[in-house]
Amino acid sequence: YYTLDGSTDPRLPGGAVNPSPAVLHYSAESPPLITHGVTVRARTLRDGHWSALTEATFRVAAAADAGNLRITEINYNPPDANPVPGLGEADVDNDQFEFVELMNVGSQPIDLAGVQLRGADSDPLDRLDFTFAPTPLSPSERVVVVRHLDAFASRYGTGLRVAGVYSGKLPNGGDSLTVVAADGSLIEQFTYDDSDPWPDRADGGGSS
């Protein structure tokens, strides 16, 4: 007997099978198919005796189909905060508005649990670093990681899906970005720059 919700024990304290709908009976003919990050808790019941509880967390890496996850937008040198009264933009340094957008370009859902986004800045304090918590991403769905949550929300509102805040920053002069799956395999890696063939307006001119 097993559960996939990460908390339910298949065995009740008195020794009976837990009647919760979360408790499933394993069958070799139809084993469970894990399509997103889950924690499995399981026990074996044989001749009225239960095994000890065993638990394991499984992560479904986006690298199962590396082409399904792509960085689709980088805002490495955002424009300055707009000083017009009433717009509500945070009065912070322009770099606090940075973000990176990722998208599932495939036809199947993926889970970003354990996926890492890394920069290559030589200074470890400035190097961009972010590890995704369990984050199911449907086909064509986008998610952003940001440098400063309040600054991002003041410019773009709260309707966008934000996975979290990264440490470090996106250097204005260019950097290499790497996306690595939970199992360590490479998903994507490239270098952006502030000169041709990258668009000039992305370097502080208002574009990404």
Side-chain angles (χ1 to χ4, degrees), residues 2-8 21-24 26-42 54-76 78 97-121 127-149 152-153 155-170 175-192 198 202 207-208:
Y2 67 97
T3 62
L4 302 176
D5 64 357
S7 61
T8 305
V23 177
L24 306 170
Y26 177 81
S27 168
E29 288 73 30
S30 56
L33 175 63
I34 296 175
T35 59
H36 60 281
V38 295
T39 296
V40 179
R41 309 185 88 198
T54 184
E55 181 176 305
T57 298
F58 294 84
R59 291 175 172 172
V60 180
D65 183 354
N68 281 1
L69 182 66
R70 293 180 185 164
I71 292 176
T72 48
E73 188 172 359
I74 308 167
N75 201 359
Y76 68 89
F97 294 99
E98 290 177 359
F99 68 86
V100 178
E101 178 191 82
L102 299 95
M103 178 181 177
N104 177 3
V105 299
S107 60
Q108 299 296 320
I110 55 179
D111 191 340
L112 305 188
V115 170
Q116 296 181 353
L117 173 63
R118 303 171 181 165
D121 193 291
R127 189 179 306 139
L128 186 148
D129 186 59
F130 182 79
T131 301
F132 283 88
T135 308
L137 203 61
S138 300
S140 299
E141 188 176 10
R142 302 167 189 262
V143 66
V144 295
V145 292
V146 304
R147 183 171 179 184
H148 191 290
L149 186 58
F152 180 84
R155 175 167 286 180
Y156 300 104
T158 57
L160 299 174
R161 189 177 182 191
V162 179
V165 177
Y166 52 77
S167 60
K169 64 181 182 180
L170 291 165
D175 196 15
S176 291
L177 293 179
T178 303
V179 183
V180 180
D183 62 3
S185 58
L186 179 67
I187 297 175
E188 185 176 30
Q189 185 176 52
F190 63 89
T191 297
Y192 73 87
W198 289 82
S207 297
S208 58

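The shown structure was predicted, so the numbers you read here are calculated from the model rather than taken from an experiment.
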**Message:** Which residues pass the salt bridge (Lys or Arg N to Asp or Glu O under 4.0 Å) test with Arg41, not counting sequence neighbours?
**Reply:** Glu55

**Complete:** side chain to side chain contact (heavy atoms under 4.5 Å, CB included) filter on Thr8, not counting sequence neighbours, yields Thr3, Asp5, Asn18, Ser20, Ala22, Val23

For residues 99-110, please give each side-chain donor-acceptor pair under 3.5 Å, one per line with the distance, not counting sequence neighbours.
residue: Glu101; atom: OE1; partner: Thr72; partner atom: OG1; Å: 2.6
residue: Glu101; atom: OE1; partner: Arg142; partner atom: NH1; Å: 2.9
residue: Asn104; atom: OD1; partner: Gly106; partner atom: N; Å: 2.9
residue: Asn104; atom: ND2; partner: Gln108; partner atom: O; Å: 2.9
residue: Asn104; atom: ND2; partner: Leu137; partner atom: O; Å: 2.9
residue: Asn104; atom: ND2; partner: Ser138; partner atom: O; Å: 3.3

**Asked** Do Tyr156 and Val144 pass the side chain to side chain contact (heavy atoms under 4.5 Å, CB included) test, and can you show the C-alpha distance, the side-chain angles, and the key distance before you say yes or no?
**Response** CA-CA 12 Å; Tyr156 300 104; Val144 295; over 6 Å; no

**Item:** Heavy-atom pair with the smallest gap, counting every atom of His148 and Val165
**Value:** N-CG1, 4.5 Å

**Complete:** Exactly one candidate in Leu112, Ile71, Ile187, Val180 meets side-chain contact (heavy atoms from CB on, under 4.5 Å) with Leu117; the answer is Ile71

**Request:** Anything under 30° is parallel, anything over 60° is perpendicular, the rest tilted; go ahead and classify Trp198 against Tyr192.
**Result:** perpendicular

**Message:** My understanding is that only residues two or more places apart in sequence, or in another chain, count here; which of them pass side chain to side chain donor-acceptor pair (under 3.5 Å) with Ser207?
**Reply:** Arg201

**Pairwise distance CG(Asp175) to OH(Tyr76) - rounded to 0.5 angstrom** = 11.5 Å

**Message:** Working to the nearest 0.5 angstrom, can you tell me the gap between Asp111 CG and Leu69 CG?
**Reply:** 11.0 Å

**Complete:** Across all chains, not counting sequence neighbours, the salt bridge (Lys or Arg N to Asp or Glu O under 4.0 Å) partners of Arg118 are none

**Request:** Using the test side chain to side chain donor-acceptor pair (under 3.5 Å), find all partners of Tyr166 that sit at least two apart in sequence or belong to another chain.
**Result:** Glu98

**Asked** With sequence neighbours excluded, what pairs up with Ala133 under the side chain to side chain contact (heavy atoms under 4.5 Å, CB included) test?
**Response** none

**Request:** Could you check if a side-chain atom of Val40 sits within less than 4.5 angstrom of a side-chain atom of Leu4, using non-hydrogen atoms only?
**Result:** yes

**Item:** Criterion side chain to side chain contact (heavy atoms under 4.5 Å, CB included) on Leu170 and Leu128, from CA distance to verdict
**Value:** CA-CA 7 Å; Leu170 291 165; Leu128 186 148; 3.5 Å; yes

**Set of residues satisfying side chain to side chain donor-acceptor pair (under 3.5 Å) with respect to Thr54, sequence neighbours excluded** = none

**Sidechain-backbone polar pair: Ser167 side chain, Asp129 backbone, donor-acceptor under 3.5 Å** = yes

**Asked** If you measure from OG1 on Thr191 to CG on Leu177, what distance do you get to the nearest 0.5 Å?
**Response** 8.0 Å

**Euclidean distance, Arg127 CZ relative to Asp121 CG, rounded to 0.5 Å** = 7.0 Å

**Prompt:** side chain to side chain contact (heavy atoms under 4.5 Å, CB included) with Ser208: which residues, sequence neighbours excluded?
**Reply:** Glu73, Asn75

**Contacts of type side chain to side chain contact (heavy atoms under 4.5 Å, CB included), residue Ala163, not counting sequence neighbours** = Phe130, Phe132, Val143, Val145

